[in-house]
Amino acid sequence: MKPSIPKGTRDFGPIQVNRRNYIFNTLRRVFVKYGYQPIETPVMENLSTLTGKYGEEGDQLLFKVLNSGDFLRKVKDEDYQAGNYKKMTFQISDKGLRYDLTIPFARYVVMNQNDITFPFKRYQIQPVWRGDRPQKGRYREFYQCDVDVVGSESLINEVELTQIYDEGFAALGVNVLIKINNRKILTGIAEAAGIPDQMMSMTVAIDKLDKIGMDGVKDEMRRKEIGEEAINTIEKILTINDLEELKSFFENSETGRKGIEELQTVFNYLEKIDLTNEIVFDITLARGLTYYTGTIYEVAAKDVKIGSIGGGGRYDDLTGMFGLKGVSGVGVSFGAARIYDVMEELDIFPDSTAEGTQLIFVTFDEKALDYAFDALQAVRKAGINAEIYPESVKMKKQMKYANSRKIPYVAVVGDNEMQAGEVALKNMKTGEQANVKVADLASKIKQ
RNA sequence: GUGGUUGUAGCUCAGUUGGUUAGAGCGCUGGUUUGUGGUACCAGAAGUCGCCGGUUCAAAUCCGGUCUUCCACCCCA
């Protein structure tokens, strides 16, 4: 049998895990700096927790977990005969893999509401699963790093999350464009165009602007049966990138005006802050997820062509679907897998993302192996990551191992060294070699 | 989910109109070098040509199916 792994999944070797951890650790430091605390939730959620939260499309992409035992027991014959797979899904499966971290978080908040002190700021770094068709930068299993705060309507949260984006990507060395919009402005546009009921289809069309152009967007809206007059109004509004100017269109849209006000507050705060990356108001930013109600974010890498590497927004009533009303939240997500791809393409991972072995002992014979073993214990005790080549095979082979592992120092042990209570310490980068007392080994390497 | 694309040694790939023992570079193993890696030279091992089936005297090559890869759409991180 030839081994294989499921479509859209990947193995991660030592280099990749080290690099991924580097990304996680870098982001984690930023999250903690802003007062966010970690939580984790199970890989599986009840299917009822997940379905209906991501739109019909999302439900299709959920991985369902087959019930244990006689899973066909509950299947109704009439549903089987009719080929009604959607109904049968719930008869053979009551669990699913998490699709994102936001819905499980909302569920967590509701379940633990009595123990949580609001506002609750949490971060969460865990894999999620989507039954999407894989392509580049698109996997069926990938990590997300989410930062959310619930139980506060203050726009300060929006400002801080923008800072976290800015600081996080700056710390990783990725140049990004952070785009901000507000769902209320999109609602305002729909109201100004006289099509408040078609706000969602309008939004989906607008979201594609930079991909298919204005004519494409107009075609798409026509296909969604949005009137010609409304389309003209929308087109006019979309050319505006100044919030003050936008106000004149929203005379009849209270929601729209509120959206402008909110964004202005956010930008006023942002002006007081030192920021590394470019942050722009983008009226065409829409985002698909249905639960956003206020500020929305999207982050694009500037130097690599790839889908968005982060996104998020405010949701006024995410916990409402689990029975806890009136808890507003806002959060953003870092797409770890894509960030990884971007950093790899730009070749900007630091040389040693690995906290690897610093010193290896190589030996000529069994006696030297014993001697080196004792020395090994001493340097480890002194805090050096060290290992020993466990067999005193040919020197060439041992050196080759040290070289391929990129271990910076090699301690060579033979008769001469043993007699003097030393090792021959070789710097693998420069090729220099000098004899060092075993007692001085750790301090020598720390320099 | 729709349309297309890809698969040959551990890796990256070549392989003519179907025709004998399927090649290269890198890597790997051994040697030049019985106290030394990264350079050089020499030698060697390694492939069910993704998988299943069909056409043919003959298939890596043609046809069908399937899995996988990547791309566009859809959607999204």
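Naming: A, B, ... by sequence-line order, numbering from 1 per chain. All values derive from a computational prediction rather than experimental measurement. Side-chain atoms are counted along with the backbone in the values below, which use heavy atoms only and exclude waters and symmetry mates.
Atom CZ of A:F12 has more than 12 neighbouring heavy atoms from other residues, nucleotides or ligands inside a 6.0 Å radius.
Taking every side-chain heavy atom of A:K426 into account, B:G37 is the closest of B:G35, B:G37, B:A77. Side-chain proximity of A:K400 to B:G38, B:C74, B:G35: nearest is B:G38. Candidate nucleotides B:U68, B:G37, B:A77 were compared by shortest atom distance to the side chain of A:K7, and B:U68 ranks first.
Contact annotation for A:G310: backbone-only contact, meaning every heavy-atom pair under 4.0 Å involves sugar-phosphate atoms and none involves a base. Within the 4.0 angstrom heavy-atom criterion, no nucleotide atom of any strand lies near A:E141. Residue contacts for A:G312: at a heavy-atom cut-off of 4.0 Å it reaches no nucleic acid atom on any strand shown. Across all strands shown, A:F334 has no heavy atoms under 4.0 Å from either base or sugar-phosphate atoms. Within the 4.0 angstrom heavy-atom criterion, no nucleotide atom of any strand lies near A:S333. Using a 4.0 Å heavy-atom cutoff across all strands shown, A:K394 reaches sugar-phosphate atoms only and no base atom. Base engagement by A:Q135 is indicated by at least one non-hydrogen atom pair under 4.0 Å involving a base atom.
For the P atoms, the distance linking B:G35 with B:A40 amounts to 25 Å, nearest Å. For B:G10 and B:C71, the P atoms lie 25 Å apart once the distance is rounded to whole Å. Separation of the P atoms belonging to B:G65 and B:G4 is 11 Å when rounded to the nearest angstrom. With both ends at atom P, the span from B:A24 to B:G64 equals 33 Å, rounded to whole Å. For the C1' atoms, the distance from B:C62 to B:U2 is 28 Å, rounded to whole Å. Between the P atoms of B:A45 and B:G3, the separation comes to 48 Å (whole Å). Comparing the C1' positions of B:U16 and B:A59 gives an interatomic distance of 15 Å, to the nearest angstrom. B:U5 sits 11 Å from B:A72 when the C1' atoms are compared, rounded to a whole Å.
Between the CG atom of A:L285 and the P atom of B:C76 there is a distance of 12 Å, rounded to whole Å. Atom pair A:Q60:CD and B:C73:P shows a separation of 21 Å (rounding to whole Å applied). Rounded to whole Å, atom C1' of B:A77 lies 13 Å from atom CG of A:L27. The CZ atom of A:R140 sits 11 Å away from the C1' atom of B:G1 (whole-angstrom rounding). Look at CG on A:L101: it is 17 Å from P on B:C76, rounded to the nearest Å. Protein atom CG of A:D132 is 11 Å distant from nucleotide atom P of B:G1, rounded to whole Å. Distance A:Q419 CD to B:G35 C1': 14 Å, rounded to the nearest Å.
Centroid-to-centroid, the aromatic rings of A:F334 and A:Y165 come within less than 6.0 Å. A ring-centre distance under 6.0 Å is not found for A:Y143 and A:Y340. Checked against a 6.0 Å centroid threshold, the rings of A:F267 and A:F281 do not count as neighbours.
A:K396 has no side-chain polar atom (N or O) that falls below the 4.0 Å cut-off from OP1 or OP2 of B:U36. The phosphate of B:C74 has OP1 or OP2 within less than 4.0 Å of a side-chain N or O from A:K208.
Figure legend. B:C11 is base-paired to B:G25; pairs are counted as Watson-Crick or G-U wobble with both atom distances under 3.5 Å. Remark: B:U69 base-pairs with no nucleotide in the shown strands. Criterion, Watson-Crick or G-U wobble with two distances under 3.5 Å. Within the shown strands, nothing qualifies as a pairing partner of B:U55 under the Watson-Crick or G-U definition with both distances less than 3.5 Å. A 3.5 Å limit on both hydrogen-bonding distances identifies no Watson-Crick or G-U partner for B:G18. Across all strands shown, B:A60 forms no Watson-Crick or G-U wobble pair with both key distances under 3.5 Å.
A donor-acceptor pair under 3.5 Å is formed between the side chain of A:N157 and the backbone N or O of A:S154. At distances below 3.5 Å, not a single donor-acceptor pair connects side-chain atoms of A:N277 with backbone N or O atoms of A:N175.
In summary, of the residues considered (A:D316, A:D317, A:T293), a side-chain contact (heavy atoms from CB on, under 4.5 Å) with A:S328 occurs for A:D316 alone. Of the residues A:R107, A:R98, A:K64, the one that meets the salt bridge (charged side-chain N to carboxylate O under 4.0 Å, His left out) test with A:E45 is A:R107.
Side-chain atoms of A:R130 and base atoms of B:C75 include no donor and acceptor less than 3.5 Å apart. Below the 3.5 angstrom threshold, one finds no donor paired with an acceptor across the side chain of A:D415 and the base of B:G35. You won't find any donor-acceptor pair under 3.5 Å spanning the side chain of A:R405 and the base of B:G37, going by distance alone. Not a single donor-acceptor pair, N or O on each side, falls under 3.5 Å between the base of B:G38 and the side chain of A:N403. Side-chain to base pairing of A:R223 with B:C74: no donor and acceptor N or O lie closer than 3.5 Å to each other. Residue side chain A:R133 does not reach the base of B:U69 through any donor-acceptor N/O pair under 3.5 Å, judged by distance alone. The base of B:G35 lies outside donor-acceptor range of the side chain of A:Q433, with no N or O pair under 3.5 Å.
The ring of A:F142 lies on top of the base of B:A77, close enough and flat enough: under 5.5 Å between centres, under 30° between planes.
Each of A:E417 and A:G311 lies near RNA chain B, and the nucleotide nearest A:E417 is the one positioned closer to the 5' end. Between A:G335 and A:G8, the residue whose closest nucleotide on RNA chain B is further toward the 5' end is A:G8.
Between A:L263 atom CG and A:E158 atom CD the span is 9.0 Å, to the nearest 0.5 Å.
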